[in-house]
Amino acid sequence: MKISRSIEITVGLFVALGLAALLMLAMKVSNLAELSNGGSSYEITARFENIGGLKVRSPVKMGGVRIGRVKAIGYDSQKYQATVHMTIESQYDKIPTDTTFSIFTSGLLGEQYVGLEPGGEETYVKDGDEISIKNTQEALVLEKALGQFLYNKASSGGSESSSGGEKSP
Amino acid sequence: MSRVCIPAGNARGQGWATGGKFLILCRHAQPRSPTASYQSAAPARGVRREPRILSVNVPANIPGDDPLVAIRDLRFSRGDRLILDGIDIDIPRGKITAILGPSGTGKTTLLRMIGAQLYPEAGTVTVDGQNVHKLDRKSLYALRKRMGMLFQAGALLTDIDVFENVAFPLREHTDLPEAMIRNIVLMKLELVGLRGARRLYPRELSGGMARRVALARAIALDPMMIMYDEPFSGQDPISMGILVELIKELNHALGLTSVLVTHDVAETAGIADYMYVLSGSKVIGHGTPDELARDGSAMVKQFLQGLPDGPVAFHYPAEEFTADLIAGSEA
Amino acid sequence: MTDLLAHLGRWSLGFFERLGRGHMFLVSLIAALPQLAVQWRLVVVQIWSTGVQSLSIIVVSGTFVGMVLALQGYNTLVDFGAAESLGIVVAKSLTRELGPVIAALLFAGRAGSALTAEIGFMKATEQLAGMEMMAVDPLRRVVAPRYLGGVIAMPLLATIFTAVGILGGFFTGVGMLGVDDGAFWSQMQASVTLKEDVFNGVIVKSLVFGAVVCWISVFEGYDAVPTSEGVSAATTRTVVHSSLAILGLDFVLTALMFNK
């Protein structure tokens with residue numbers, strides 16, 4: 001059975017196009033680009049009181065720039081603390097040891113991320129370092145914040161005006 | 001005078017003769033003469049050395065007592081309808097045997113039984129000594145390579161041209177080099193007079209031409225027999241004449257055994273050596289055309305002479321006509 | 001009442017008989033596949049007629065589906081001030097659901113129906129019977145290459161559909177609606193995973209859909225009543241049954257893969 005060369009060529013192009021689309025999905029759309037970059041990175045661990053909605057693969061940002069990603073999340077049941085393992089790209093190797101690690105939310109409903117505010121130390125964190133709870137700031141939990149706000153409001157309102165509808169317990 | 005020529009000890013030749021595939025190449029397109037047919041084989045084109053003949057399929061076509069196809073007490077029904085009821089037919093080697101009968105009497109079914117495309121309820125079909133319905137798939141396919149069949153509409157593959165259609169069985173069953181396939185295909189097309197039409201597609205062919213191409217394809221592998229399914233139906237007189245002539249010529253030139261299933265009496269009687277007449281799922285008469293015309297029963301005569309009414313009724317079985325009409329007006 | 005039961009009984013007997021025949025057909029079809037290794041060119045021709053021929057409809061539909069997704073997603077997200085998440089919405093819906101499902105539905109309509117019609121026509125014109133008499137197994141020579149060609153083409157088409165859909169969403173979202181370029185891609189990358197979304201979503205789903213659609217298509221063609229009406233009815237059945245199978249299987253696959 002003879003088949004014309006043009007059919008073979010177009011089928012070849014078609015398969016190449018399919019593979020190119022797959023490559024695009026892998027490199028541009030999904031996270032393969034970073035995974036393949038995994039060799040040139042280092043890992044640090046930070047301890048938090050509360051991580052809120054932080055998830056594995058959430059970004060780690062410094063000055064708004066993503067420098068790494070959350071690799072794993074654990075819980076230290078002895079100290080009652082959450083442990084967050086992060087992978088930081090090795091080009092960002094100048095993170096002072098007294099840097100504050102906080103958990104922020106981007107936008108009202110946006111994703112949560114670990115934000116780094118650099119300190120003034122001359123020594124830098126290196127692979128395997130652990131950031132103690134002193135240098136981290138827990139996530140802002142909405143209910144907690146609202147409760148705090150209402151409590152403050154109520155107590156201050158009660159002292160200023162006796163006609164306040166609420167009574168402090 | 002068909003020969004199977006397999007060049008032995010030829011390094012060049014072994015390349016295309018591998019895989020246990022047999023090749024049938026050498027044919028003289030000269031009148032059949034049984035005495036001369038075993039003496040020489042011309043080397044096929046493309047084969048450099050004098051080929052040694054390793055096997056010969058000619059004996060399949062020596063006229064003799066033992067028929068090529070023997071059908072015994074064959075029974076087949078479709079649903080409740082009995083199509084074939086205890087059919088006995090012998091197809092002698094090297095002859096043209098016609099199976100005649102009105103439309104819808106299971107003639108095509110019979111051909112499909114011989115090719116083992118259908119299986120009977122009872123009875124046997126023996127082709128060249130083998131019961132076709134007891135063969136395993138491999139032996140059946142090996143046997144089918146030696147049987148050609150010409151379907152009613154030609155059954156050409158519509159997505160490839162005439163040349164490729166004729167080359168199809170060669171490409172499927174042999175590893176012949178391209179040049180040799182070309183030669184064989186052109187040879188077969190020349191036989192049916194359509195060498196010039198080799199680049200046409202089946203849709204561009206008339207019905208008669210399509211059948212001739214199908215005929216060229218059916219003989220591409222040099223079979224021992226060809227079965228023709230209604231080769232003349234729907235043909236104009238000229239293409240009918242061409243087909244009649246071709247069937248006769250091929251049978252004699254290639255030493256084939258031909259089985260012709262048809263309802264065209266006049267054309268068939270001219271070329272058939274022996275005829276069977278089928279009606280009402282039984283064989284109602286058989287003999288040479290002359291014998292049948294002379295001694296046939298009333299039914300056979302009605303069919304051969306094309307009388308509208310007789311033992312084979314004009315009317316499909318129905319209740320009485322007036323009763324039927326009255327029933328309709330009452331409803 | 002008994003008539004109704006008898007009718008139901010007859011219908012289900014017919015259904016199971018056909019289902020059984022379809023499975024037996026599949027078994028002999030799969031048995032014929034290894035022989036294609038030596039006749040690879042037959043498959044190439046079929047990839048051409050099922051895959052390359054479907055490419056234009058896949059690319060055009062993919063682009064529009066992506067564009068519409070971006071438009072709708074933007075209008076919803078902007079109310080929550082989360083327009084930057086548009087990349088996630090477009091990419092996740094395309095990779096997990098719309099890419100494989102719509103590509104498969106289009107494939108069933110474009111290539112599946114053509115497969116059925118072609119094989120059915122070959123049966124009606126005795127081409128298949130003719131092959132059998134030439135000692136050529138039509139299952140190996142006609143059906144198996146078409147099946148395999150379709151099974152190979154389907155994931156490629158679904159991948160292309162998904163990729164152009166995301167590009168379409170990018171052009172609408174970033175080009176027309178003014179979503180930030182970097183946020184579009186980075187949020188997408190942060191949320192789409194290679195294994196779960198791209199591999200399980202696009203590749204596995206479309207492989208399963210391709211295998212089922214091609215099976216239905218070649219079986220309907222091979223099993224068609226060899227007349228014009230028979231072939232046209234078989235073609236209709238191919239499209240209907242394929243679409244139902246795609247949607248039903250999609251639910252099952254989604255439940256298996258993405259259920260947390």
Side-chain angles (χ1 to χ4, degrees), chain B residues 19 21-22 108-109 111-118 132 135 137-160 165-175 202-203 207 210-211 213-215 217-221 223 225-230, chain C residues 10 14 17 24 27-29 31-32 34-50 52-53 111 114-146 149 221-222 225-228 231:
Chain B
K21 283 174 178 164
F22 64 86
T108 303
T109 309
L111 281 193
R112 299 220 162 176
M113 295 270 182
I114 299 176
Q117 285 190 311
L118 287 174
V132 293
L135 291 178
R137 194 184 156 80
K138 216 176 144 195
S139 335
L140 177 63
Y141 271 37
L143 182 65
R144 279 183 184 166
K145 285 181 201 169
R146 300 162 61 205
M147 304 159 81
M149 179 146 167
L150 190 71
F151 284 84
Q152 241 176 82
L156 295 176
L157 303 176
T158 42
D159 54 342
I160 51 180
N165 260 292
V166 180
F168 181 80
L170 296 167
R171 293 197 201 283
E172 286 293 322
H173 295 306
T174 71
D175 296 322
R203 60 175 177 273
R211 275 177 221 196
V213 174
L215 190 52
R217 184 178 69 174
I219 57 173
L221 283 178
M225 68 182 285
I226 295 198
M227 295 180 275
Y228 299 90
D229 186 8
E230 302 279 7
Chain C
R10 198 162 52 237
E17 195 246 332
M24 277 159 70
V27 169
S28 39
L29 175 62
Q35 300 176 43
L36 286 175
V38 288
Q39 286 188 311
W40 187 242
R41 289 168 154 244
L42 293 176
V43 182
V44 172
V45 176
Q46 294 310 321
I47 296 178
W48 183 78
S49 66
T50 49
V52 179
Q53 303 270 62
L115 281 182
T116 305
E118 195 185 6
I119 295 175
F121 175 75
M122 290 181 86
K123 189 182 183 189
T125 52
E126 295 184 314
Q127 292 183 49
L128 298 184
M131 274 190 194
E132 270 182 31
M133 281 311 296
M134 286 188 277
V136 174
D137 184 1
L139 211 58
R140 174 186 66 75
R141 182 62 178 67
V142 174
V143 179
R146 280 167 174 74
Y222 201 73
V225 179
T227 58
S228 324
V231 174

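A note on names: the letters A, B, ... follow the listed sequences, proteins ahead of strands, and every chain is numbered from 1. Only heavy atoms go into these numbers, but all of them, side chains included; no hydrogens, no water, no symmetry mates.
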At a 3.5 Å cut-off, give me the donor-acceptor pairs between chain C and chain B, one pair per line with the distance.
from: E126(C); atom 1: OE2; to: R112(B); atom 2: NH2; distance (Å): 3.1
from: Q127(C); atom 1: OE1; to: T158(B); atom 2: N; distance (Å): 3.3
from: Q127(C); atom 1: NE2; to: T158(B); atom 2: OG1; distance (Å): 3.2
from: A129(C); atom 1: O; to: Q117(B); atom 2: NE2; distance (Å): 2.9
from: E132(C); atom 1: O; to: R144(B); atom 2: NH1; distance (Å): 3.1
from: E132(C); atom 1: OE1; to: Q117(B); atom 2: NE2; distance (Å): 3.1
from: M134(C); atom 1: O; to: H173(B); atom 2: NE2; distance (Å): 2.6
from: D137(C); atom 1: OD2; to: R137(B); atom 2: NH2; distance (Å): 2.4
from: R140(C); atom 1: NH2; to: E172(B); atom 2: OE1; distance (Å): 2.9
from: R141(C); atom 1: NE; to: E172(B); atom 2: OE2; distance (Å): 2.6

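- Side-chain contact between M122(C) and L157(B) is present, with at least one heavy-atom pair separated by less than 4.5 Å.
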Check the pair M133(C), M227(B) against side chain to side chain contact (heavy atoms under 4.5 Å, CB included), reporting the backbone distance first and the verdict last.
-> CA-CA 10 Å; M133(C) 281 311 296; M227(B) 295 180 275; 3.7 Å; yes

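- In this structure, chain C has no heavy atom under 4.5 Å from any part of L150(B).
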